[in-house]
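These figures come from a predicted structure and were not determined experimentally. Excluded from the calculations below are hydrogen atoms, water molecules and symmetry mates; all remaining heavy atoms, backbone and side chain alike, are included.
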Amino acid sequence: MEKLKLLWVDNPDFKTTRSLVDYFSNHPDIEFVHDMYADPAKMAWADVIWMEWIEYASQIASHRVYNDQNKYLWNDAENRFGAGAERRWDKAKLILRGIDIDILYGHFRGVKWENVDHLLFIAPHIKEYAYRGSTTIPSSVPVDVIPLGIDTSKYTFRDRSGAGNRRVAVIHHCWSGKNLPLLAQAIAALVKKTDRSWFFHMVGTWSNEAWLPEYFWHICEKLGIKDLIRWDSRVGDMDAFLEDFGYSISASSKEAFSLTMAEAAAKGIKPLMHHWNGAKDLWPEYMVWDTIDEFVEKMLEPIDSKKYRQDVEKYDINKLIPRFEEIIRSSRRV
């Protein structure tokens, strides 16, 4: 039997993509190609096109043809594909998966949905955003939800149960969506309630919002916690970095899954996240805080490492892969 030709379009540096790429690139019955961009030549080759993020690449892929009439959709089209070149992928199954920003900002509205064969989301609340009010997605498009997932085998579990070591990791891209001013207030309240034996290690690059680091460090100084915080733009292996921590916290106002919380839970580290919309649909009550008082209360509860690891196991990517493969294998167009 001829192998199914699968084109996977996504950023190869994403952790959640790596496990899927490793699996499908070594699959005996699938001929696998991975690309970060919507390449018309590769799409014309494929039986199935899977695209993470419903953004510009998905919009142009949904046209199902590259020719003189729509070459304006591609940047530098003349140099990349040649004048007069035409590529079609009419017979390929096109599968799109919405993540979060692509749905919140409405990028999905530019898709030609009559040319889409399957639609997925990574969380119920992301699906809700897409269908809220008037939507461009017709009811005829099949819809499923598959969460991000992580490879838990790549995170070394250690039982940290008990009081904890008061070393706290804060890991994310530092932009306004991560709610850093609220985080500073929560840290200050925790220190005030207890003592100054806490250590907070922030990891992440700052966005181009120049006011944000200025305000964050200013308010940390005014709250008397600046000397308790270390910041690094990046670290090496995340599993090794997290080994000495007892807690991982977030005050984010928007997430679709929260990979950093999943990584912490996999290692037996207490994860505590602010109550972004959809958080309690994905994570247990004990991981989520609404108010600063609740944050302090939950930080002071004993660590239960085995429970954290058990609760994140359902998001192990190796358990989710069969769902990806089922959709892909039923995706040949006749």
Notebook entry, point to check: Is it true that D311 and R309 make a salt bridge, defined as a side-chain N closer than 4.0 Å to a carboxylate O?
Noted result: no
Notebook entry, point to check: When the ring planes of H27 and Y23 are compared, do they come out parallel, tilted or perpendicular, using 30° and 60° as the limits?
Noted result: perpendicular
Checklist line | Test item: side-chain donor near acceptor, S197 and D195, under 3.5 Å | finding: yes
Residues 237-244 side chain polar contacts: donor-acceptor under 3.5 Å, at least two apart:
{"residue": "D237", "atom": "OD2", "partner": "D239", "partner atom": "N", "Å": "3.3"}
{"residue": "D237", "atom": "OD2", "partner": "A240", "partner atom": "N", "Å": "2.8"}
{"residue": "D239", "atom": "OD1", "partner": "T156", "partner atom": "N", "Å": "2.7"}
{"residue": "D239", "atom": "OD1", "partner": "K267", "partner atom": "NZ", "Å": "2.7"}
{"residue": "D239", "atom": "OD2", "partner": "T156", "partner atom": "OG1", "Å": "3.0"}
{"residue": "E243", "atom": "OE1", "partner": "K267", "partner atom": "NZ", "Å": "2.8"}
{"residue": "E243", "atom": "OE2", "partner": "R158", "partner atom": "NE", "Å": "2.8"}

Note to self: Determine whether R323 and E325 satisfy the following criterion, salt bridge (Lys or Arg N to Asp or Glu O under 4.0 Å), listing intermediate values before the conclusion.
What the structure shows: CA-CA 5 Å; R323 296 177 61 188; E325 186 165 358; over 6 Å; no
Item checked: Between R160 and S305, a side-chain donor and acceptor under 3.5 Å -> no
Margin query: Taking the basic N atoms (NZ, or NE/NH1/NH2) and the acidic carboxylate oxygens, is any pair closer than 4.0 Å for R64 and D117?
Written below: yes
Next item on the list: May I ask you to check whether H275 and D290 show a side-chain donor-acceptor distance below 3.5 Å?
Entry: yes
Notebook entry, point to check: Salt bridge between D151 and R18, side-chain N to carboxylate O under 4.0 Å?
Noted result: no
Next item on the list: Given ring pair (Phe, Tyr, Trp, His ring centres under 6.0 Å), test F257 with Y315 step by step and report yes or no.
Entry: CA-CA 10 Å; F257 176 70; Y315 295 124; 5.1 Å; yes
Margin query: I want to check a possible cation-pi pair here: R167 against F245, using under 6.0 Å from ring centre and within 45° of the ring axis as the test.
Written below: yes
Notebook entry, point to check: Do we see a donor-acceptor contact under 3.5 Å between the side chains of N115 and S62?
Noted result: no
Next item on the list: For atom NZ of K280, decide whether the heavy atoms of other residues, nucleotides or ligands shown that lie under 6.0 angstrom number more than 12.
Entry: yes
Next item on the list: Name all residues meeting the ring pair (Phe, Tyr, Trp, His ring centres under 6.0 Å) criterion together with F295; count only those two or more places apart in sequence or in a different chain, and write none if there are none.
Entry: W289
Item checked: Results of ring pair (Phe, Tyr, Trp, His ring centres under 6.0 Å) for Y308 - residues two or more places apart only -> Y286
Note to self: If hydrophobic clusters are built from ILVMFWY residues whose side chains come within less than 4.5 Å, do Y56 and I101 share one?
What the structure shows: no
Item checked: Verdict with reasoning, Y66 to W89, per ring pair (Phe, Tyr, Trp, His ring centres under 6.0 Å) -> CA-CA 9 Å; Y66 167 80; W89 45 99; 8.1 Å; no
Next item on the list: Indicate whether the side chain of S252 and that of E255 have a donor and an acceptor atom separated by less than 3.5 Å.
Entry: yes
Check: Any salt bridge between K5 and E31, counting N to O under 4.0 Å?
Finding: no
Next item on the list: List in chain and number order the residues that pass side-chain contact (heavy atoms from CB on, under 4.5 Å) with S140, two or more places apart in sequence or in another chain; answer none if no residue qualifies.
Entry: P138
Notebook entry, point to check: Under a single-linkage definition using a 4.5 Å side-chain heavy-atom cutoff for Ile, Leu, Val, Met, Phe, Trp and Tyr, are I269 and L259 assigned to the same hydrophobic cluster?
Noted result: no
Notebook entry, point to check: What side chain to side chain donor-acceptor pair (under 3.5 Å) pairs are there with at least one residue in residues 212-224, not counting sequence neighbours?
Noted result: none
Checklist line | Results of ring pair (Phe, Tyr, Trp, His ring centres under 6.0 Å) for F199 - residues two or more places apart only | finding: H201
Next item on the list: Indicate yes or no: does D100 engage K254 in a salt bridge with an N to O separation below 4.0 Å.
Entry: yes
Next item on the list: Tell me yes or no: between the side chains of D281 and H125, is some donor less than 3.5 Å from an acceptor?
Entry: no
Note to self: Please give me the minimum heavy-atom distance between A92 and A46, naming the atom from each residue.
What the structure shows: CB-O, 3.4 Å
